[in-house]
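The structure appears right after this line, and notes come after that.
Counting from 1, the numbers follow the sequence of the chain as shown.
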Amino acid sequence: MRVALFLTCVNDTLYPDTGRAVVKLLTRLGVDVDFPMAQTCCGQAHYNTGYRHEAEPLARHFSDVFGEYEAIVTPSGSCGAMVRELYPRMGERARAEGRGDTLAATLAPVVPKTYELTEFLVDVLGVTDVGAYYPHKVTYHPTCHGLRGLGLGERPLRLLRAVKGLELAELPGAEECCGFGGTFALKNSDVSAAMGTDKVRNAESTGAEVLCAADNSCLMHIGGTMTRLRTGMRPVHIAEILASTEEEPAV
């Protein structure tokens, strides 16, 4: 199967190891992974901040770059939800504004074949045991876009439970937002920080060494809070856990 890795802006700029982990994991599972060099932002930041027309050229470019692939895999629930949930809305809005069906037709091909990593593993490849090894106590935070937008449900947890050596601790208040929310963290910084503190205190109560999630943007926010509170915990993307093996263990 030939798939494209949609890495996203945050991962490409700040967390390239997550992208490397996805390639390592999928290659181990027999998937042919391409990284289209022409990929750019999917337009989520613009769209969510109210610049909806400005997001349209980015969405068109996304479709041009990724349209030829059988599947598009991203280690980001938020960017995956942008394509799956909001690209159709962009097309509908253009139609309602009297601009015809061109945008909707351009974006339609990429919508159903864009997958967040864990749903691609479970739903498309049909695997939960990916041969991973990670001898640490871990708690899992379901990020908002993955939980509410994509409906990832138990998929990440099923994958984590199958990791050799991993002890999974249930996170109290797991379904509560961590407080990041993109520009929300800037516009409502006091509220965002308070929500982050609640999330980290709950994680700390589990006794876990690691908090993992499927979105590095949320992990960035949570990790900064962990540092300020001096918890000794660390944030790790789920892809890096699943890519870890006994022969090549992740830290």
> Between Glu119 and Arg84, is there a salt bridge with N-O shorter than 4.0 Å?
Replying inline: yes
>> I need the Leu58 CG to Cys9 SG distance, nearest 0.5 Å.
In response: 8.5 Å
>> I'd like to know if the side chain of Arg2 and the backbone of Glu70 have a donor-acceptor N/O pair within less than 3.5 Å.
In response: no
> Side chain of His237, backbone of Ala239: donor and acceptor closer than 3.5 Å?
Replying inline: yes
> When Ser76 is tested against each of Asn11, Thr8, Asp215, Thr18 for side chain to side chain donor-acceptor pair (under 3.5 Å), which residue passes?
Replying inline: Asp215
>> Side chains of Glu54 and His46: any donor to acceptor distance under 3.5 Å?
In response: no
> Taking it one step at a time, do Thr114 and Phe66 satisfy side chain to side chain contact (heavy atoms under 4.5 Å, CB included)?
Replying inline: CA-CA 9 Å; Thr114 298; Phe66 290 101; over 6 Å; no
> What is the distance from atom CG of Leu152 to atom OG1 of Thr118, rounded to the nearest 0.5 Å?
Replying inline: 4.5 Å
> Okay, side chain of Thr106, backbone of Arg60: is any donor-acceptor separation there less than 3.5 Å?
Replying inline: no
> How many angstroms lie between CG in Leu7 and OH in Tyr15, if you round to the nearest 0.5 Å?
Replying inline: 12.5 Å
>> Counting only heavy atoms not in Glu97 (residues, nucleotides, ligands), do more than 12 fall under 6.0 Å from its CD?
In response: yes
> Passes side chain to side chain contact (heavy atoms under 4.5 Å, CB included), Leu26 versus Leu5? Steps please.
Replying inline: CA-CA 10 Å; Leu26 293 181; Leu5 170 60; over 6 Å; no
> Do Phe6 and Val65 pass the side chain to side chain contact (heavy atoms under 4.5 Å, CB included) test, and can you show the C-alpha distance, the side-chain angles, and the key distance before you say yes or no?
Replying inline: CA-CA 10 Å; Phe6 168 39; Val65 170; over 6 Å; no
> Rounded to the nearest 0.5 Å, how far apart are CG of Leu107 and CG of Leu86?
Replying inline: 11.0 Å
>> Check this for me: does any side-chain nitrogen of one of Arg201 and Glu204 sit under 4.0 Å from a carboxylate oxygen of the other?
In response: yes
>> Does this structure show an ion pair linking Glu85 with Arg148, if we count only N-O contacts that are shorter than 4.0 Å?
In response: no
>> Between Glu56 and Arg99, does any side-chain N to carboxylate O distance fall below 4.0 Å?
In response: yes
>> Would you compute the distance between atom CD1 of Ile238 and atom CG of Asn216 and round it to the nearest 0.5 angstrom?
In response: 11.5 Å
>> For the backbone of Cys178 and the side chain of His221, can you confirm whether one donor and one acceptor N or O come within less than 3.5 Å of each other?
In response: yes
> Do side-chain atoms of Ser192 reach the backbone of Asn188 as a donor and acceptor pair under 3.5 angstrom?
Replying inline: no
>> Test your reading of the model: is there a side-chain donor-acceptor pair from Thr206 to the backbone of Ala203, 3.5 Å cut-off?
In response: yes
> Is the backbone of Ala174 close enough, under 3.5 Å, to the side chain of Lys199 for a donor and an acceptor to pair up by distance?
Replying inline: yes
> Can you list the steps and then say if Phe62 with Met82 is a side chain to side chain contact (heavy atoms under 4.5 Å, CB included)?
Replying inline: CA-CA 11 Å; Phe62 182 95; Met82 174 65 188; over 6 Å; no
>> More than 12 heavy atoms of other residues, nucleotides or ligands under 6.0 Å from CD of Glu176: yes or no?
In response: no
> Is Thr227 reaching over with its side chain to a backbone N or O of Gly223, donor-acceptor style, under 3.5 angstrom?
Replying inline: yes
> Is there a donor-acceptor contact under 3.5 Å from the side chain of Ser244 to the main chain of Ala132?
Replying inline: no
> Taking 4.0 angstrom as the limit, do Arg155 and Glu116 come out as a salt bridge?
Replying inline: no
>> For the CD1 atom of Ile241 and the OH atom of Tyr134, what is their distance to the nearest 0.5 Å?
In response: 5.0 Å
> Should the heavy atoms of other residues, nucleotides or ligands under 6.0 Å from NZ of Lys137 be counted, would the total exceed 12?
Replying inline: yes
